[in-house]
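To start, the structure under review is shown below, and the notes come after it.
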Amino acid sequence: MAAGTDEALADAPGTPEAAPPDGRRHPWRAFRRWRHRRPFGAGLALTLGGAEILLTQRASVSVILAAGADSLAGYVLPIIMLVCGLLIVFNPRQRLFYSVIGVLASLASWVTSNLGGFLVGMLLGLVGSSLAFGWLPDRPRRRRRWLRRGDRGEAKTAAE
């Protein structure tokens, strides 16, 4: 194989490989596209808030601040937060309902679950629910407003 042939260039390290026929280059591209079509960050924040509150339920007695750590509501509300966070990600059409339920469960965790998981879980739940409530699904793409110098001149002459 000669050093200047195409086969030698294709095998050389550091040269870009040809894209597969389906157009995907990186394995994360499909996940990135899926993630950008839904309120992923909002659902993740709500889910993490519920998980954090569940983890603080099993804290030692010397760390527990509020009464009710062994009650049923102390476990049910974080589970509701977890489920609402997952449903926001996997069913974004019903995000408004899930986000309202997530806000109510987050606020109720203040009383039932060690001050809302020592404030961290409650704040994550409130932020995630608020982001999900305000998320807009069909936002048009931004157009680039930067025009080259030659394009601007042509646009002016076409308008005249």
Side-chain angles (χ1 to χ4, degrees), residues 6-7 9-59 72-156 158-159:
D6 291 335
E7 295 173 359
L9 291 175
D11 293 336
T15 57
E17 298 176 11
D22 60 354
R24 287 183 295 162
R25 249 189 120 124
H26 301 288
W28 290 98
R29 186 167 287 176
F31 174 70
R32 190 179 311 144
R33 249 182 275 140
W34 176 81
R35 185 187 66 194
H36 285 279
R37 291 185 196 143
R38 54 197 67 240
F40 185 78
L44 182 66
L46 185 57
T47 302
L48 288 176
E52 198 273 334
I53 293 174
L54 272 176
L55 289 175
T56 59
Q57 284 294 321
R58 301 309 306 163
L72 182 62
Y75 291 102
V76 171
L77 290 174
I79 290 173
I80 289 174
M81 289 172 63
L82 259 163
V83 170
C84 284
L86 291 174
L87 287 173
I88 283 172
V89 172
F90 291 112
N91 189 10
R93 289 183 184 220
Q94 301 296 323
R95 73 188 183 286
L96 297 176
F97 175 72
Y98 299 138
S99 65
V100 169
I101 298 298
V103 163
L104 294 176
S106 298
L107 289 174
S109 72
W110 172 265
V111 177
T112 61
S113 305
N114 291 333
L115 297 178
F118 305 115
L119 291 176
V120 176
M122 184 185 74
L123 289 177
L124 275 172
L126 289 174
V127 167
S129 296
S130 300
L131 286 173
F133 192 82
W135 180 75
L136 297 175
D138 296 321
R139 194 174 51 187
R141 290 185 175 255
R142 291 187 205 173
R143 293 187 320 174
R144 293 187 184 190
R145 295 180 186 244
W146 301 357
L147 296 175
R148 286 180 274 169
R149 186 175 296 175
D151 292 343
R152 248 187 263 150
E154 292 171 5
K156 285 182 182 177

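Hydrogens, waters and symmetry mates play no part in the numbers below; they use all other heavy atoms, side chains included. Start at 1 with the first residue, then count along the sequence.
- The main-chain N or O of S130 is never found under 3.5 Å from a side-chain atom of S99 such that the two would form a donor-acceptor pair.
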Next item on the list: Any chance you could lay out the side-chain contact (heavy atoms from CB on, under 4.5 Å) test for N91 and Y98, step after step, and finish with the verdict?
Entry: CA-CA 9 Å; N91 189 10; Y98 299 138; 3.6 Å; yes

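- Taking all atoms of both residues into account, the shortest heavy-atom contact from T56 to N114 is O-ND2, 2.9 Å.
- The two atoms that bring G117 and E52 nearest to each other are O-OE1, 3.0 Å, heavy atoms only.
- Residues forming a side-chain contact (heavy atoms from CB on, under 4.5 Å) with L86 (at least two apart in sequence, or on another chain): T47, F90.
- Every side-chain contact (heavy atoms from CB on, under 4.5 Å) that L107 has, sequence neighbours left out, goes to V103, L126.
- Put simply, CZ on R93 and CG on L87 are 15.0 Å apart, with the number rounded to the nearest 0.5 Å.
- The two residues A108 and L77 come nearest to each other via the heavy atoms CB-CD1, 3.5 Å.
- When the side-chain contact (heavy atoms from CB on, under 4.5 Å) test is applied to F97, the partners found at least two apart in sequence or on another chain are I101.
- Of all heavy-atom pairs spanning S109 and I53, the tightest one is OG-CD1, 3.5 Å.
- In this view, V127 and L131 satisfy the side-chain contact (heavy atoms from CB on, under 4.5 Å) rule, not counting sequence neighbours.
- Between A105 and I80, the shortest heavy-atom contact is CB-CG2, 4.1 Å.
- Residues P78 and G50 come closest through the heavy atom pair CB-O, 3.5 Å.
- Here CG of L46 is found 5.5 Å from OG of S106. Values are rounded to the nearest 0.5 Å.
- To the nearest 0.5 angstrom, M122 atom CE is 8.5 Å from L115 atom CG.
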Can you give me every donor-acceptor pair (side chain of residues 34-45, partner residue at least two apart or in another chain, under 3.5 Å) with its distance?
unit_1: R38; atom_1: NE; unit_2: W34; atom_2: O; d: 3.2
unit_1: R38; atom_1: NH1; unit_2: V89; atom_2: O; d: 2.7

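- For the atom pair CH2 (W135) and CZ (R95), the distance works out to 6.0 Å, reported to the nearest 0.5 Å.
- Contact annotation: the side chain of T112 never approaches that of Y75 to less than 4.5 Å [non-hydrogen atoms, C-beta and beyond].
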